[in-house]
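Numbering starts at 1 and runs along the sequence shown.
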Amino acid sequence: MNNITDELAKLHELTGAEFSRQVERIALRNEFYPLEGETDIYITGGETSDDFENQLNAARKAVVRQISISQEVRRATTLKTN
């Protein structure tokens with residue numbers, strides 16, 4: 001298995017479905033674990049970065065946005081099938 005740094009670096013080169021597959025491969029790695037007190041946010045390496053709070057806030061916004069997008073897709077699919 002490649003080192004996590006190499007796997008993350010590949011994201012800069014990929015687009016579309018290849019990008020999505022790479023994100024999935026990274027997310028399935030054993031280095032990631034749920035962040036205590038958060039929903040749907042996983043970390044690796046700890047909470048010691050000087051920029052951790054900014055990164056955490058960005059992750060929270062991304063989770064909220066993804067939930068919103070998922071709900072919109074479900075609504076649109078329901079309307080389309082009715």
Side-chain angles (χ1 to χ4, degrees):
M1 185 177 283
N2 291 338
N3 124 3
I4 189 74
T5 303
D6 295 338
E7 295 300 313
L8 290 167
K10 288 178 186 177
L11 290 173
H12 295 283
E13 304 162 8
L14 302 173
T15 60
E18 290 178 346
F19 180 87
S20 296
R21 281 192 291 275
Q22 182 66 8
V23 169
E24 287 176 18
R25 280 192 290 270
I26 291 168
L28 293 173
R29 293 175 63 104
N30 291 333
E31 291 100 333
F32 288 92
Y33 55 92
L35 178 59
E36 188 174 327
E38 297 291 334
T39 303
D40 297 327
I41 297 178
Y42 293 77
I43 64 170
T44 181
E47 304 170 29
T48 57
S49 167
D50 291 340
D51 202 29
F52 183 77
E53 280 302 313
N54 287 333
Q55 293 171 355
L56 179 56
N57 287 332
R60 288 174 178 146
K61 288 178 185 177
V63 168
V64 167
R65 179 165 162 62
Q66 184 58 43
I67 290 169
S68 176
I69 290 169
S70 296
Q71 290 170 343
E72 287 297 318
V73 168
R74 267 187 254 125
R75 249 185 252 127
T77 303
T78 301
L79 292 173
K80 193 174 187 179
T81 59
N82 288 335

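For the residue pair Asp40 and Val63, the shortest heavy atom distance occurs at O-CG2, 3.6 Å.
Among pairs with a residue in residues 19-28, none fulfils salt bridge (Lys or Arg N to Asp or Glu O under 4.0 Å), at least two apart in sequence or across chains.
In this structure, the side chain to side chain donor-acceptor pair (under 3.5 Å) partners of Asn57, at least two apart in sequence or on a different chain, are Arg60. A search for side-chain contact (heavy atoms from CB on, under 4.5 Å) contacts involving Val64 returns nothing, not counting sequence neighbours. Applying the salt bridge (Lys or Arg N to Asp or Glu O under 4.0 Å) test to Glu18 and every residue at least two apart in sequence or in another chain returns nothing. Applying the side chain to side chain donor-acceptor pair (under 3.5 Å) rule to Asn54 yields the partners Asp51; only residues at least two apart in sequence or on another chain are considered.
With salt bridges taken as basic N to acidic carboxylate O contacts below 4.0 Å, one links Lys10 and Glu7.
Listed by chain and number, the hydrophobic cluster partners of Ile4 are Leu8, Leu11, Leu14, Phe19, Val23, Ile26, Phe32, Tyr42, where partners are ILVMFWY side chains within reach of under 4.5 Å, directly or through others. Other cluster members for Leu28: none, since no ILVMFWY side-chain heavy atom sits under 4.5 Å from it.
Counting heavy atoms from C-beta on, the side chains of Leu35 and Leu56 come closer than 4.5 Å.
Distance check, rounded to the nearest 0.5 Å: CD of Glu36 to CD1 of Ile41 gives 13.5 Å.
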